[in-house]
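The residues of the chain are indexed from 1 along the displayed sequence. Note that ligands are numbered from 1 as they come in the structure, with each ligand's atoms numbered from 1 the same way.
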Amino acid sequence: MWNLTDKTALITGGTKGIGRATVLEFLNLGAKVLFTARNEDDIIEFENELKAQNLNATGLVSDVSIAEDRMHLKDWIEENWNTLDILVNNAGVNIRKKAMDYSEEEVQKVLNINLYAPFQLSRLLQPFLINSKNATVINIGSVAGSQDVGTGTPYAMAKAGLLQQTRSLAVEWAEMGIRVNAVSPWFTKTSLTKGLLGEEERMRPIIERTPLKRVAEAEEMASIISFLAMEKSSYITGQNIIADGGMSINAI
Ligand SMILES: NC(=O)c1ccc[n+]([C@@H]2O[C@H](COP(=O)([O-])OP(=O)(O)OC[C@H]3O[C@@H](n4cnc5c(N)ncnc54)[C@H](OP(=O)(O)O)[C@@H]3O)[C@@H](O)[C@H]2O)c1
C-alpha cells in the first residue's frame with residue numbers, strides 16, 4: 001500500500017528541515033510519529049502546529065549524541081509501543097572548516113552526531129525493530145559521503161561511514177526482518193544551509209553544476225524517505241538513494 005497506516009516511526013531531528021517535512025509526510029500517510037530535537041520550545045511549537053492541523057505526534061527533547069537521552073527514547077518506545085516499524089536517523093550537524101582548523105572537540109562532535117549516534121540508536125532500538133517483523137531504518141547521508149563537495153572533512157568522513165554502516169547493517173539484519181537504507185541529499189532548503197543559500201556568489205557554480213538547476217525542497221527528501229519506509233520498497237535494502245538533481249552524474 002502507498003501509505004504508512006498505523007506504522008510506528010521515530011524521526012530524529014524532527015523540528016526543522018528534512019526531519020520536519022518527514023514528520024508531516026509520515027503523519028499524512030497515517031503513521032504514528034515520535035520525533036526528537038534538543039530545543040524544547042521548537043518541539044512544543046511544532047506539536048501545537050500539528051494539533052491545529054488535526055495531526056498528532058509526540059516530541060521528546062533528546063540529544064542523539066548523549067547516551068542517557070537515547071535511553072529515554074528507548075524507554076518511551078518500550079512503554080508506549082514495544083515495537084518500532086521505522087527509524088529515521090536524520091539529526092545531523094556540520095562545522096565547515098579547513099582540516100587543520102578543527103579542534104579535537106569539534107571533530108568528535110561532528111563524528112558523534114552524524115555517525116556514532118545513528119549506530120548506537122539503531123543498536124539500542126534493534127529489539128523493537130525485530131518485534132515489528134517488517135522494519136526499516138533510513139539513514140540520512142549526504143552526497144558529501146561519496147565525493148568532496150567542500151563541506152569539511154569530518155562531516156564527509158561521518159557521512160561516508162554512515163553509508164557503510166547502512167550496507168553492513170542491511171546485510172547483518174536482513175534475517176531479522178529489518179531493511180536498512182540511506183538517502184543522500186544535495187543542497188536542500190533548510191536551516192542547516194540557510195546561510196550558504198543566501199550567498200549568491202557561492203551558490204552560482206553549485207546551481208550551474210546541478211542539471212535540474214535548483215536546490216531541493218525538504219519535502220522532496222521526505223517523499224523518498226517515505227517510499228523507503230513503506231512496504232512498497234520491500235525488496236530494497238543496503239542502498240543509498242542519491243537525491244541531487246543529477247549533480248553527481250554530471251561530469252562537465
Ligand atoms: N540541508 C541540506 O542541504 C543537506 C544536504 C545533505 C545532507 N543533509 C542531512 O540531512 C539531515 C537533516 O538536515 P537539515 O538540513 O534538515 O538540518 P536542520 O534544518 O539543521 O535540522 C536539523 C534537525 O536536527 C535537530 N538536531 C540537530 N542536532 C541534534 C542532536 N544532536 N540531537 C537531536 N536532534 C538534533 C535539530 O533540532 P535542535 O537544533 O533543536 O536539536 C533540527 O530539528 C542531516 O543529517 C544533514 O546532514 C542535509
Side-chain angles (χ1 to χ4, degrees), residues 10-25 33-47 49 57 59-73 87-96 108-118 120-121 138-152 154-163 165-166 182-199 202-203 206-207 210 214-222 224-225 240-245 247-248:
L10 167 61
I11 301 167
T12 67
T15 53
K16 295 181 202 146
I18 293 168
R20 183 188 182 93
T22 306
V23 170
L24 273 165
E25 184 84 41
V33 176
L34 172 67
F35 66 92
T36 72
R38 293 163 301 179
N39 186 308
E40 189 169 20
D41 292 345
D42 287 350
I43 290 180
I44 294 168
E45 202 182 309
F46 190 31
E47 278 179 335
E49 245 177 73
L60 283 187
V61 178
S62 172
D63 183 332
V64 290
S65 65
I66 299 174
E68 206 186 334
D69 285 17
R70 290 193 295 265
M71 202 51 95
H72 288 153
L73 296 177
L87 167 62
V88 183
N89 283 310
N90 165 73
V93 293
N94 191 15
I95 301 169
R96 224 173 259 263
Q108 272 166 1
K109 179 178 174 184
V110 173
L111 291 177
N112 192 356
I113 296 176
N114 294 292
L115 176 62
Y116 182 69
Q120 291 299 82
L121 194 59
I138 299 141
N139 294 321
I140 309 307
S142 168
V143 290
S146 314
Q147 59 194 120
D148 184 79
V149 289
T151 54
Y155 181 80
M157 287 176 353
K159 292 298 189 183
L162 187 61
L163 294 182
Q165 185 184 131
T166 301
V183 175
S184 283
W186 180 225
F187 275 94
T188 306
K189 283 184 210 162
T190 69
S191 64
L192 189 76
T193 51
K194 204 161 69 189
L196 264 178
L197 292 176
E199 293 177 36
R202 281 181 76 176
M203 286 311 294
I206 290 165
I207 300 292
T210 306
R214 63 177 177 86
V215 298
E217 302 291 336
E219 291 72 18
E220 292 178 291
M221 299 304 145
I224 302 167
I225 297 164
N240 170 35
I241 297 188
I242 300 171
D244 69 351
M247 186 281 292
S248 59

Item to check | More than 12 heavy atoms of other groups within 6.0 Å of Glu49 CD | outcome: yes
Item to check | Arg96 to Tyr155, cation-pi by 6.0 Å centre distance and 45° axis angle | outcome: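 No.
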Checklist entry - Is there a side-chain contact (heavy atoms from CB on, under 4.5 Å) between Ile241 and Ser184 once you walk through the steps? => result CA-CA 6 Å; Ile241 297 188; Ser184 283; over 6 Å; no
Next on the checklist: Restricting to salt bridge (Lys or Arg N to Asp or Glu O under 4.0 Å), what partner residues turn up for Glu68, sequence neighbours left out?
Outcome noted: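 So Glu68 forms no salt bridge (Lys or Arg N to Asp or Glu O under 4.0 Å) with any residue.
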Next on the checklist: Any carboxylate oxygen within less than 4.0 angstrom of a Lys/Arg side-chain nitrogen, looking at Arg214 and Glu220?
Outcome noted: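 Yes, charged N to carboxylate O under 4.0 Å.
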Checklist entry - For ligand 1, what is the set of protein residues having any non-hydrogen atom at a distance below 4.0 Å? => result Gly13, Gly14, Thr15, Lys16, Gly17, Ile18, Ala37, Arg38, Asn39, Ser62, Asp63, Val64, Asn90, Ala91, Gly92, Val93, Ile113, Ile140, Gly141, Ser142, Tyr155, Lys159, Pro185, Trp186, Phe187, Thr188, Thr190, Ser191, Leu192, Thr193
Next on the checklist: Less than 4.5 Å apart, side chain to side chain, heavy atoms only: is that true for Thr15 and Asn39?
Outcome noted: no
